[in-house]
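Note sheet for the following structure.
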Amino acid sequence: MTLCVFTLIASEFLPVSLLTPMAGDLRVSEGLAGQGIALSGALAVLASLSMPALAGGMSRKTLLLALTALMGVSGAVIALAPNYPVYMAGRALIGVVIGGFWSLSAAVAIRLVPASAVPKALAVFNAGNALATVVAAPLGAWLGAAIGWRGAFWCLVPAALLTFAWQWVSLPAMAADERAPGRGVGQVFSPLGRPAIALGMAGCGLFFMGQFALFTYVRPFLETVTRVDVPTLSLMLLATGAAGVIGTALIGSVLRRSLYGTLVAIPMLMAAAALALIPAGAWVAPVAALLALWGLLGTAAPVGWWNWVARAMPGNAEAGGGLMVAVIQLSIALGSTVGGLLFDAGGPRSAFAASAALLLLAALLTAMAARSAAAGR
């Protein structure tokens, strides 16, 4: 499962490190090429909300194998894409995999380990996310320079095949549970009736919007403003990812001290980093340091939000988890769309300022959620 997380995250965000050559080859702007991330996010929303109904009585092992196979097909479609619409079709396929996999992840963890070990199992899953964050962007940039962006996407196919084989051998059958009466898409939205949950979900959504309004367009920013070459670009992305691994390792102890305080502080610090990148963009060292801070905070943040789901909805974690997947993926789609439109219209300055504004609003709504939760609402 952790290998699947690694391959999935690498597939989802590989375009970030290959945006410039992809845009040139497909004859579209960098902003339009970045909409591939928006499309995968939109399809992930639909998949996460509809997967329980569509899967029905299918064995969860069979479903995971089908999603993993579809991940490999997506990589091949993108690698072979002769034009922009076919590229976007490949991104739509990976969106279905993203939504389907993450909506199943918590339920699969519950089946694979004893109840007392479920939090640890989810943390191990997230290690695949952190590792992919370290490896995917710099390796994608390096592969793009060495064998072209299409070759980089071809590399996802054997990774998906390896994941498929490992799941086939290692996963138990995991027959579908009998569906409880009234369980459906409407059930997923029921937690929003509580103000603390609604405010928290809104804060979470704005956080991911702000994060991806900026991060999707890091490569063109580094190439056009900072003016780094590909080896330097790869090193900077590697440092950003490595900082994310450190953040993921450290955030557990920080969350134990103050869950809401951490969830408020992270977007505020990231907003400061986004604003600082605007005047510092021409200098390599400050930009590298700011992106490392961005990675340290941004990669660790999802751990905090999944802890929030477990604490805020202890008796309804399954519905909360499905809703969280939908909120995050929709926000990634909206954030990369807004960032792309602003990047094309006004350059990095506009996109980065919008990112900071969204992150600050996320901090405000999360603070309101904390106050509402303290009041028992």
Side-chain angles (χ1 to χ4, degrees), residues 1-22 33-34 36-41 43-44 47 64 67-81 87 90-102 105 124-167 208 211-212 215-216 218-219 230 233-245 247-248 295 298-299 302 325 328-329 332 336:
M1 290 294 290
T2 302
L3 177 62
C4 192
V5 172
F6 171 83
T7 311
L8 183 60
I9 296 299
S11 301
E12 184 177 6
F13 297 117
L14 193 59
V16 170
S17 60
L18 298 168
L19 213 56
T20 303
M22 284 169 49
I37 292 175
L39 180 63
S40 63
L43 266 293
L64 284 168
L67 290 169
T68 303
L70 190 62
M71 178 164 53
V73 171
S74 167
V77 168
I78 294 172
L80 292 169
Y87 158 73
R91 291 301 299 175
L93 293 178
I94 199 63
V96 173
V97 180
I98 294 162
F101 177 85
W102 284 115
S105 60
V124 172
F125 286 6
N126 200 68
N129 183 358
L131 184 60
T133 304
V134 173
V135 173
L139 183 60
W142 181 81
L143 287 172
I147 58 176
W149 70 269
R150 294 179 187 276
F153 275 98
W154 273 121
C155 291
L156 294 173
V157 177
L161 289 174
L162 175 61
T163 305
F164 183 94
W166 199 343
Q167 287 178 332
F208 282 95
Q211 183 179 14
F212 285 91
F215 189 66
T216 308
V218 161
R219 173 163 182 162
V230 171
L233 172 71
S234 298
L235 285 173
M236 292 175 77
L237 292 175
L238 179 63
T240 302
V245 172
T248 302
T299 307
V325 171
I328 290 173
Q329 293 301 327
I332 290 173
S336 56

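These figures come from a predicted structure and were not determined experimentally. Computed over heavy atoms, backbone and side chain alike; hydrogens, waters and symmetry mates excluded.
Shown here for Ala47 and Gly100, the closest heavy-atom pair between the two residues is CB-N, 3.9 Å. Taking every heavy atom of both residues into account, Tyr87 and Ala81 meet most closely at N-CB, 3.6 Å. In terms of heavy atoms, Ala160 sits closest to Thr68 at O-CG2, 3.5 Å. For the pair Ala152 and Leu143, the tightest heavy-atom approach, listed with the atom from each and the gap, is CB-CB, 3.9 Å. Looking at every heavy atom in both residues, Leu19 comes nearest to Thr216 through CD2-O, 3.4 Å.
The closest side-chain heavy-atom distance from Leu139 to Cys155 is not below 4.5 Å. Side-chain contact between Met71 and Ile98: absent, with no pair of heavy atoms (C-beta onward) separated by less than 4.5 Å.
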Sequence neighbours excluded and cut-off under 3.5 Å, please list the side-chain donor-acceptor pairs for residues 7-14, or say none.
from: Thr7; atom 1: OG1; to: Leu3; atom 2: O; distance (Å): 3.0
from: Thr7; atom 1: OG1; to: Thr163; atom 2: OG1; distance (Å): 3.2
from: Ser11; atom 1: OG; to: Thr7; atom 2: O; distance (Å): 2.8

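Atoms CD and CG, on Gln167 and Leu64 in that order, are 5.5 Å from each other to the nearest 0.5 Å. The structure places CH2 of Trp102 at 9.0 Å from CD1 of Ile328, a figure rounded to the nearest 0.5 Å. Atoms CZ and CG, from Phe101 and Leu67 in turn, are 9.0 Å apart once rounded to the nearest 0.5 Å. Rounding to the nearest 0.5 Å places CG of Leu18 at 6.0 Å from CZ of Phe153. Within the model, atoms CG of Leu161 and CH2 of Trp166 stand 15.0 Å from one another, a figure rounded to the nearest 0.5 Å.
The aromatic rings of Phe208 and Phe212 sit parallel, their planes meeting at an angle under 30°, below the 60° perpendicular limit.
Evaluation of the side-chain contact (heavy atoms from CB on, under 4.5 Å) rule for Ala165 yields no partner, not counting sequence neighbours. Residues satisfying the side-chain hydrogen bond (donor to acceptor under 3.5 Å, both in side chains) test with Ser40, not counting sequence neighbours, are Arg91. Listed by chain and number, the residues in a side-chain contact (heavy atoms from CB on, under 4.5 Å) with Ser74 are Ile78, Leu93, Ile94 (sequence neighbours excluded). Residues meeting the side-chain hydrogen bond (donor to acceptor under 3.5 Å, both in side chains) test with Ser17, sequence neighbours left out: none.
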Verdict with supporting geometry, Val230 and Trp142, side chain to side chain contact (heavy atoms under 4.5 Å, CB included): CA-CA 7 Å; Val230 171; Trp142 181 81; 5.9 Å; no

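Legend: salt bridge (Lys or Arg N to Asp or Glu O under 4.0 Å) pairs involving residues 126-135, not counting sequence neighbours: none detected.
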